[in-house]
Amino acid sequence: MAGNVWEWTEDWFGPYPTSAATNPRGAETGAGRVVRGGGWGDTDAGNVRAADRTVHAPSDRHMNVGFRCARGD
């Protein structure tokens, strides 16, 4: 998961459910998408971990934000 860029996700940014959940989903709708994981350009080492997340508008473009191709079953 750790890599050289933040990773775009499908989830809209919002609070997680308060109860424990496997593979929790973000909000149903929103103005921003979740990006995860951090990149080597971050000055805070706490940002470079899979559990870290932040939000960017879908129209945002950054040289340190990428994506991963994955297939769900």
Side-chain angles (χ1 to χ4, degrees):
M1 244 343 251
N4 201 23
V5 297
W6 287 85
E7 180 180 333
W8 279 109
T9 71
E10 183 181 9
D11 292 347
W12 290 106
F13 189 82
Y16 280 138
T18 55
S19 58
T22 300
N23 191 19
R25 300 295 302 198
E28 292 291 321
T29 61
R33 296 282 187 177
V34 173
V35 293
R36 289 191 169 281
W40 304 122
D42 288 304
T43 57
D44 182 355
N47 289 344
V48 186
R49 58 190 185 94
D52 196 30
R53 71 180 192 141
T54 191
V55 60
H56 284 291
S59 60
D60 286 353
R61 302 292 181 262
H62 298 280
M63 67 181 195
N64 62 345
V65 176
F67 64 93
R68 179 184 313 263
C69 294
R71 187 183 100 194
D73 290 332

For this session: Output the distance between atom OG1 (Thr9) and atom CZ (Arg53), rounded to the nearest 0.5 Å.
Result: 8.5 Å

Exercise. For the residue pair Ala31 and Pro58, what are the closest heavy atoms and their distance?
Worked result: O-CD, 3.4 Å

Seminar exercise, completed: Besides Val35, the hydrophobic cluster formed by Ile, Leu, Val, Met, Phe, Trp and Tyr side chains linked at under 4.5 Å, directly or via other members, contains Trp6, Trp8, Val65, Phe67

Problem set entry | Arg33 vs His56 side-chain heavy atoms within contact, under 4.5 Å | no

Exercise. Glu28 versus Trp12: any side-chain heavy-atom pair under 4.5 Å?
Worked result: no

For this session: Verify, without hydrogens or angle tests, whether Arg61 (side chain) and Ser59 (backbone) share a donor-acceptor contact under 3.5 angstrom.
Result: yes

